[in-house]
Amino acid sequence: MPTAAQNLASADPATDTARVAAVREWFRDAGRDLPWRGGTTPWGVLVSEIMLQQTPVVRVEPVWREWMARWPTPGDLAAASQADAVRAWGRLGYPRRAKRLWECAAAIAERHGGQVPSDPVALRDLPGVGDYTAGAVMAFAFGRRALVLDTNVRRVIGRAWRGEALPPAHQTAAERTHAAALVPEGDAAAAEWAAASMELGALVCTARVARCDECPLARSCAWLAAGRPGLAEAPRRTQPWHGTDRQVRGRILALLRVASSPVNVTGHATLEDVEPGQLDRCLEGLVADGLVRAVSSERGTYEL
DNA sequence: AATACGGGGGC
DNA sequence: GCCCCAGTATT
């Protein structure tokens, strides 16, 4: 009887290799020509990865271009204000990422001589850099072998290898072990697999509309062979939005981003519909997060 | 392990 | 209108 690890690893190493090779070949022809793929610096890759956390490529691309033109090195961003970083972040969402990227720039300038570190432990120590981003920078900025396991790769492996419609909400240790076993030997091959598997998940093997007729794994995909089961029944991950603290926080920041001077938030006409208790709670949260500063001289007044 | 955290484009 | 997206930090 096989162990659980053997079940997850692979029934056939030759199949693993063939699938990985097929995805890499597909990528060379079908991969998008994105500005942070080649022709940029490690800093450009790091900026792109932070921006791409939970935000689609099409929305990131214009902001990334403006950001890199304005702050081409970590030192340039470190010399700017946090407020300017949050403003330049625009409407990408999760503005704490802008703060963390700004903190990244300072840490890189101070601790790493202005150069993005090429060491996974040092990367992981940077604010806003988790396991995914550290691996992505190793692979895409430095061309090194790394495990790059994002939502796209999880879905591709889950379908093609394990026949599952969608991966569970949270990564498991077994899933990481399986994914790590599929990473090719050799830096260049591993980095290409990382980009290719992500791209396949982003363009073809998407969450709700799988374009199996375009897929390089169609002939060997476990999920397709099984008749693509379970997609309709898979749990949704939608989150409430209207009227939530998240929305109110976003509305407050939207006001402060465009203001050149402190704003009386609690008396602002566009926030009249927000309950005072919720408004206060959100403002306190934004202050606690270090995204917003209260102007002490004037009650209810804030700035970035 | 669960929860908080934005915003918009595709369907 | 629902659903998802190159996740991370905190509890």
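The basis for the numbers below is simple: all heavy atoms, side chains too, and nothing from hydrogens, waters or symmetry mates. Within every chain, numbering begins at 1; the chains are lettered A, B, ... in the order of the sequence lines, protein sequences first and strands thereafter.
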> Can you tell me how far C1' of B/dA4 sits from NE2 of A/His170, to the nearest Å?
Replying inline: 12 Å
> On DNA chain C, which is the earliest and which the latest nucleotide, 5' to 3', with an atom closer than 4.0 Å to a heavy atom of chain A?
Replying inline: C/dC3 to C/dA9
>> Between B/dG9 and C/dT8, how far apart are the two P atoms, rounded to whole Å?
In response: 24 Å
> Apart from A/Leu166 itself, which Ile, Leu, Val, Met, Phe, Trp or Tyr residues share its cluster (side-chain heavy atoms under 4.5 Å, direct or through members)?
Replying inline: A/Trp223, A/Leu231
> Taking only residues at least two apart or on different chains, which pairs with a member in residues 13-52 of chain A satisfy ring pair (Phe, Tyr, Trp, His ring centres under 6.0 Å)?
Replying inline: A/Trp36-A/Trp64
> Quick one: side-chain contact (heavy atoms from CB on, under 4.5 Å) partners of A/Ser81, sequence neighbours excluded?
Replying inline: A/Ala83, A/Asp84
> Are more than 12 heavy atoms from other residues, nucleotides or ligands located less than 6.0 Å from atom CZ of A/Arg219?
Replying inline: no
>> Between C/dC4 and B/dC5, how far apart are the two C1' atoms, rounded to whole Å?
In response: 16 Å
>> Please check if the number of heavy atoms outside A/Arg144 that lie under 6.0 Å from its CZ is greater than 12.
In response: no
>> Over all strands shown, is A/Asp289 touching base, sugar-phosphate only, or nothing at heavy-atom distances under 4.0 angstrom?
In response: nothing
>> Counting only heavy atoms and a strict 4.0 angstrom limit, can you tell me which residues of residues 132-153 of chain A come near DNA chain C?
In response: A/Tyr132, A/Thr133, A/Asp150, A/Thr151, A/Asn152
>> What's the gap between C/dA9 and B/dG8 when it is taken at their C1' atoms, as a whole Å value?
In response: 24 Å
What's touching nucleotides 9-11 of chain B from the protein side, N or O pairs under 3.5 Å?
none

> Between A/Gln247 (CD) and B/dG8 (C1'), how many Å, whole number?
Replying inline: 13 Å
>> Rounding to an integer number of Å, can you tell me how far A/Arg237 CZ sits from B/dA2 P?
In response: 13 Å
>> On a heavy-atom basis, which atom in A/Leu200 and which in A/Pro216 lie closest, and how many Å separate them?
In response: CD1-CD, 3.6 Å
>> Please find the pair of heavy atoms, one from A/Leu217 and one from A/Ala22, that lie closest to each other, and give the distance.
In response: CD2-CB, 4.2 Å
> Is the shortest side-chain N to carboxylate O distance from A/Arg111 to A/Asp125 below 4.0 Å?
Replying inline: no
> Quick check: are there more than 12 heavy atoms from other residues, nucleotides or ligands sitting under 6.0 Å from CD of A/Gln115?
Replying inline: no
> Got a sec: does the CG of A/Asp273 have more than 12 other heavy atoms crowding it under 6.0 Å?
Replying inline: yes
> Can A/Arg176 and A/Gln171 be counted as having a side-chain donor-acceptor contact under 3.5 angstrom?
Replying inline: yes
>> Closest-nucleotide mapping onto DNA chain C: is A/Asp131 or A/Gln239 further toward the 5' terminus? I mean the 5' end.
In response: A/Gln239
> How is A/Arg155 classified with respect to the nucleic acid when contacts are heavy atoms under 4.0 Å: base, sugar-phosphate, or nothing?
Replying inline: sugar-phosphate
> Who else is in A/Val292's hydrophobic cluster (ILVMFWY, side-chain heavy atoms under 4.5 Å, direct or via others)?
Replying inline: A/Val86, A/Val248, A/Ile252, A/Leu253, A/Leu255, A/Leu256, A/Val263, A/Val265, A/Leu271, A/Val274, A/Leu279, A/Leu283, A/Leu286, A/Val287, A/Leu291, A/Tyr302, A/Leu304
> Nearest-Å distance, CG (A/Asp245) to P (B/dG7)?
Replying inline: 13 Å
>> Between B/dC11 and C/dA6, how many Å separate the two P atoms, rounded to a whole number?
In response: 14 Å
>> Which residues in residues 80-97 of chain A have a heavy atom closer than 4.0 Å to any atom of DNA chain B?
In response: A/Arg91, A/Leu92, A/Gly93, A/Tyr94, A/Pro95, A/Arg96, A/Arg97
>> In whole Å, I'd like the distance from the CZ atom of A/Arg281 to the C1' atom of B/dC5.
In response: 14 Å
>> Holding to salt bridge (Lys or Arg N to Asp or Glu O under 4.0 Å), I want the full list of residues that pass it with A/Glu49, two or more places apart in sequence or in another chain.
In response: none
>> Just to verify, what does A/Trp89 make a ring pair (Phe, Tyr, Trp, His ring centres under 6.0 Å) with, not counting sequence neighbours?
In response: A/Trp67
>> Expressed as a whole number of angstroms, how long is the span from A/Gln278:CD to B/dA4:P?
In response: 13 Å
> What distance, rounded to whole Å, do you find between the two C1' atoms, one in C/dC5 and one in B/dG6?
Replying inline: 11 Å
> Should A/Arg97 and A/Gln54 be marked as a side chain to side chain donor-acceptor pair (under 3.5 Å) after you check the CA-CA gap, both sets of side-chain angles, and the distance that decides it?
Replying inline: CA-CA 11 Å; A/Arg97 292 182 294 164; A/Gln54 297 287 283; over 6 Å; no
> If every non-hydrogen atom of A/Ala134 is compared with every non-hydrogen atom of A/Pro120, which pair is closest and at what distance?
Replying inline: CB-O, 4.2 Å
>> I need the residues from residues 260-272 of chain A with at least one non-hydrogen atom less than 4.0 Å from DNA chain B; give them sorted by number, or say none.
In response: none
>> Pairs counted only when both distances fall under 3.5 Å, Watson-Crick or G-U: show me the 5' to 3' dot-bracket for DNA chain B, [ ] for pseudoknotted crossings and | for other-strand partners.
In response: |||||.|||||
> Counting only heavy atoms not in A/Arg28, do more than 12 fall under 6.0 Å of its CZ?
Replying inline: yes
>> Rounded to whole Å, how long is the line connecting atom CD1 of A/Ile252 with atom C1' of B/dC5?
In response: 14 Å
> Can you tell me if CZ on A/Arg257 sees more than 12 non-hydrogen neighbours from other groups inside 6.0 Å?
Replying inline: yes
> Could you give the CD-to-C1' distance, from A/Gln53 to B/dG6, as a whole number of Å?
Replying inline: 13 Å
> Considering only heavy atoms from C-beta outward, does the side chain of A/Arg19 approach that of A/Leu182 to under 4.5 Å?
Replying inline: no
> Any chance CG of A/Asp33 has more than 12 other-residue heavy atoms, nucleotides or ligands included, within less than 6.0 Å?
Replying inline: no
